[in-house]
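Here's the structure we're looking at; comments come further down.
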2 protein chains.
Amino acid sequence: MHQRDEIGFFIKLINDCIEKKANQTLKQFDLTLSQARILFYLHDHKETTTSQKDLEDFFEVTHPTIIGILNRLERKEFIRSETNSKDKRVKNIFLADKGGKVFCSMDHFKKSTEQKMLQDLTVDQIKELQSLLKIVYKNIQTF
Amino acid sequence: MHQRDEIGFFIKLINDCIEKKANQTLKQFDLTLSQARILFYLHDHKETTTSQKDLEDFFEVTHPTIIGILNRLERKEFIRSETNSKDKRVKNIFLADKGGKVFCSMDHFKKSTEQKMLQDLTVDQIKELQSLLKIVYKNIQTF
DNA sequence: ACATAATATGTAGCATGCTACAATTATACC
DNA sequence: GGTATAATTGTAGCATGCTACATATTATGT
């Protein structure tokens with residue numbers, strides 16, 4: 001088995017490539033892929049309040065990672081944050097006006113990207129890919 | 001479509017997870033996953049000389065990325081390097097004794113990891129996954 | 001009520017990826 | 001042969017991931 005044929009290696013190639021291309025496109029919005037994903041999350045969860053911890057759990061990254069991304073987003077005024085008055089340990093995160101404004105054009109970019117990525121695949125193949133990746137994911141998590 | 005169901009997002013979760021677990025295991029060898037992958041490459045290409053550029057092309061990363069990894073590997077004496085006398089622009093990279101020594105135990109770890117990752121999948125399913133990922137990869141590259 | 005444990009966030013330092021710019025050497029062309 | 005171009009490597013600075021340690025607040029148990 002050659003290194004480049006291994007699933008883990010291949011997944012890394014794909015992930016690096018997605019991130020690079022996305023970051024090049026998102027540069028026009030002064031955003032990175034990880035930052036944009038946070039904005040999408042906040043947009044999708046407008047009705048409920050979101051804490052830093054919620055973002056850690058959803059994106060499955062450690063808290064120093066989330067803190068870094070949020071600090072950069074807040075410095076650029078895409079989001080704002082405030083301490084929860086009920087539980088002062090908790091910091092709530094909100095989409096700021098600027099974050100809402102870039103949303104439409106970003107959403108369009110996101111949909112066309114996902115579409116290009118999955119072109120030449122049938123609906124069944126996409127479902128199959130999702131289900132296979134889910135199994136792989138479950139396997140690695142239980143190491 | 002929810003964010004976590006998107007292929008790109010899912011691939012990132014899997015990649016982060018693989019890298020984290022692998023780095024925890026490889027710590028005993030004083031190596032990271034990216035560093036170990038370089039050693040595997042050098043081991044698999046013992047018969048031919050390898051330049052920095054070869055590694056960039058194989059791993060599809062930029063040259064500053066490769067330089068960083070190689071510098072850390074050389075500082076730890078897993079590899080050594082020398083300027084090509086025929087073409088002084090080129091820097092050749094060799095596996096050092098120390099790099100060869102950790103190889104057996106790493107190889108064992110690598111095989112058992114790949115096995116655990118793909119458990120519960122049939123040979124046909126693995127082939128199907130590889131072929132689907134290959135299509136996705138081709139699609140992103142031609143953006 | 002008070003000590004202890006758990007939870008949420010913060011900071012420091014590192015590895016790996018990137019872009020942008022620079023330096024050196026080899027190649028190509030007139 | 002000399003100049004322009006290409007190829008290879010190097011450096012600086014940043015974003016995002018991590019671990020390890022620290023701090024503040026809340027929850028728990030006696």
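Within the structure, every side-chain polar atom (N or O) of B/Lys88 is placed at least 4.0 Å from both OP1 and OP2 of D/dT9. Close to C/dA26, at under 4.0 Å from its OP1 or OP2, lies no side-chain N or O of B/Lys86.
The NZ atom of B/Lys91 sits 16 Å away from the C1' atom of D/dA7 (whole-angstrom rounding). Distance CD (A/Glu56) to C1' (C/dT9): 8 Å, rounded to an integer number of Å. Rounded to a whole Å, the CD atom of A/Gln52 is 15 Å from the P atom of D/dT25. Straight-line distance from the CG atom of B/Asn92 to the P atom of D/dT8: 12 Å, rounded to whole Å. Nucleotide C/dA8 holds its C1' atom 13 Å from the CG atom of A/Leu55, rounded to whole Å. The nearest whole Å value for the distance from the CD atom in A/Glu74 to the P atom in C/dT9 is 13 Å. Rounded to an integer number of Å, the gap from CG of B/Leu70 to C1' of C/dA15 is 14 Å. Taking atom CZ on A/Arg89 and atom P on C/dA6, their separation rounds to 13 Å, with Å as the unit.
A salt bridge links B/Lys53 with B/Asp57: at least one charged nitrogen is closer than 4.0 Å to a carboxylate oxygen.
Looking only at distances, no side-chain donor or acceptor of A/Asn92 sits under 3.5 Å from a matching main-chain atom of A/Thr83. Formation of a donor-acceptor pair under 3.5 Å by the A/Lys21 side chain with backbone atoms of B/Gln141 is found in this model. One N or O on the side chain of B/Glu74 and one on the backbone of B/Ser81 form a donor-acceptor pair closer than 3.5 Å.
Between C/dT11, D/dG10, C/dA8, one nucleotide has an atom nearer to the side chain of A/Lys53 than all others, and that is C/dA8.
Ring geometry, B/His45 versus B/Phe58: the interplanar angle exceeds 60°, so the pair is classed perpendicular (tilted spans 30 to 60°).
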Would you tabulate the pairs of protein nitrogen or oxygen atoms and nucleotide nitrogen or oxygen atoms of nucleotides 16-18 of chain D closer than 3.5 angstrom?
unit_1	atom_1	unit_2	atom_2	d
D/dT16	OP1	A/Thr32	OG1	2.2
D/dT16	OP1	A/Gln35	NE2	3.4
D/dT16	OP2	A/Gln35	NE2	3.3
D/dT16	OP2	A/Arg72	NE	2.6
D/dT16	OP2	A/Arg72	NH2	3.0
D/dG17	OP1	A/Ser34	OG	3.4
D/dG17	OP1	B/Lys12	NZ	2.9
D/dC18	OP2	A/Thr62	N	2.8
D/dC18	OP2	A/Thr62	OG1	2.9
D/dC18	OP2	A/Thr65	OG1	2.9

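Counting only residues at least two apart or in different chains, side chain to side chain donor-acceptor pair (under 3.5 Å) contacts with residues 27-42 of chain B comprise B/Gln35-B/Lys76. Counting only residues at least two apart or on different chains, the ring pair (Phe, Tyr, Trp, His ring centres under 6.0 Å) pairs with a member in residues 83-125 of chain A are A/Phe40-A/Phe103, A/His43-A/Phe103.
Contact annotation for B/Lys27: backbone-only contact, meaning every heavy-atom pair under 4.0 Å involves sugar-phosphate atoms and none involves a base.
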